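Keep in mind it's a predicted model, so treat the numbers as computed, not measured. Positions are given from 1 along the sequence. For ligands, and for the atoms within them, numbers begin at 1 and follow the listed sequence.
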Amino acid sequence: MRVDVITIFPDYFGPLELSLIGKARGAGLLDLTVHDLRKWTSDVHRTVDDTPYGGGPGMVMRPEPWGQALDAVGAGTLVVPSPVGKPFTQADAHELASLDHLIFACGRYEGIDQRVIDDAAARLPVREISLGDYVLFGGEVAVIVIMEAVTRLLPGVLGNADSLTEESHAAGLLEAPVYTKPASWRERDVPDILRSGDHGRIARWRRAQSLLRTAARRPDMLAAYPDEFLDKTDRKT
Ligand code: ADE
């Protein structure tokens, strides 16, 4: 997968050299380039923003550098992180992971001049994505979050593909709690059932925990969970 990130703060993306994203890049699974938007300015001050038409607080990113930057990186799916975007979900991560070329446009200040998005949308698929109902300084951190969610879905990135099918949100429910050694720690014991070796009972226990957790923490997810996915045992509980 090819990814171009356009930002006025390229240094934000240092973490994308680390850990499994860094490894995916090293292995050639992810070809990621971070571009400084100011490269496409032509004035001595390398200006990227100006006051909003119609008045109001803050500054808006000017269209000219963005237009040139987007022309330069070529065709792909444009992703614009923004608090006015559609809330990001695991399903979106899967969709983005299936694409060949993603272009991330990191807005700052009050956002990017709307004409940039409209102009791009005339040529490219454009997705405005929000991480949640809160406002960040800019899109940079959102891009790192989206790239983590996407990169781990790329074929060959995770050693154990089972961890993708079993994890929270993959199945529309939150995952059961997990434990490792030692079996007893600060007088807290790992649930006996997980040490029983009875794989059928372990699977049923995990399923029940998963449903209980989802009911307690995310009733919205449980309500959206298809009834036909509940088996007989679940219905009784
Ligand atoms: N930029 C600023 N706030 C944001 C949010 N909540 N999600 C994505 N990008 C943003």
Q: Could you pull out all residues at least two apart from Asp43 that satisfy side-chain contact (heavy atoms from CB on, under 4.5 Å)?
A: Thr41, His45, Thr47
Q) Transitive ILVMFWY cluster of Leu18 at side-chain heavy atoms under 4.5 Å: who else is in it? A) none
Q. Is there a donor-acceptor pair closer than 3.5 Å between any side-chain N or O of Thr7 and the backbone N or O of Phe9?
A. yes
Q. Which ligand 1 atoms are under 4.0 Å away from a heavy-atom of Gly138?
A. 1 (N)
Q: Measure from the side-chain N and O atoms of Arg213 to the backbone N and O of Leu174, and report whether any donor-acceptor pair falls under 3.5 Å.
A: no
Q | Of Leu16, Leu20, Ile21, the residue whose pairing with Leu30 passes side chain to side chain contact (heavy atoms under 4.5 Å, CB included) | A | Ile21
(Q) For atom 7 (N) of ligand 1, what is the closest protein heavy atom, and at what distance to 0.1 Å? (A) Leu131 N, 2.9 Å
Q. Between the side chain of Asp92 and the main-chain N/O of Thr89, is any donor-acceptor distance below 3.5 Å?
A. yes
Q: Considering the heavy atoms of Ser130, write down every atom of ligand 1 situated less than 4.0 Å from one of them.
A: 6 (N), 7 (N), 8 (C)
Q: May I ask whether Val141 places a heavy atom under 4.0 Å from ligand 1?
A: no
**Q.** Ligand-side contact atoms (ligand 1) for residue partner Pro81, heavy atom cut-off under 4.0 Å
**A.** 8 (C), 9 (N)
Q. What are the atoms of ligand 1, with element, lying closer than 4.0 Å to any heavy atom of Ala142?
A. 8 (C), 9 (N)
**Q.** Leu32 backbone acceptor or donor facing Arg25 side chain under 3.5 Å
**A.** yes
Q | Protein heavy atom at shortest distance from atom 9 (N) of ligand 1 | A | Ser82 N, 3.1 Å
Q: Among all protein heavy atoms, pick the one closest to atom 3 (N) of ligand 1 and tell me residue, atom and distance.
A: Leu136 N, 3.0 Å
Q: Could you tell me whether Asp133 approaches ligand 1 through its side chain, its backbone, both or neither, with non-hydrogen atoms closer than 4.0 Å?
A: neither
Q: Considering only NZ, NE, NH1 and NH2 on the basic side and carboxylate oxygens on the acidic side, decide whether Glu140 and Arg108 come within less than 4.0 Å.
A: yes
Q. In ligand 1, which numbered atoms sit nearer than 4.0 Å to a non-hydrogen atom of Ile129?
A. 8 (C)
Q: May I ask which of Phe137, Tyr134, Phe88 has a heavy atom nearer to atom 6 (N) of ligand 1 than the others do?
A: Tyr134
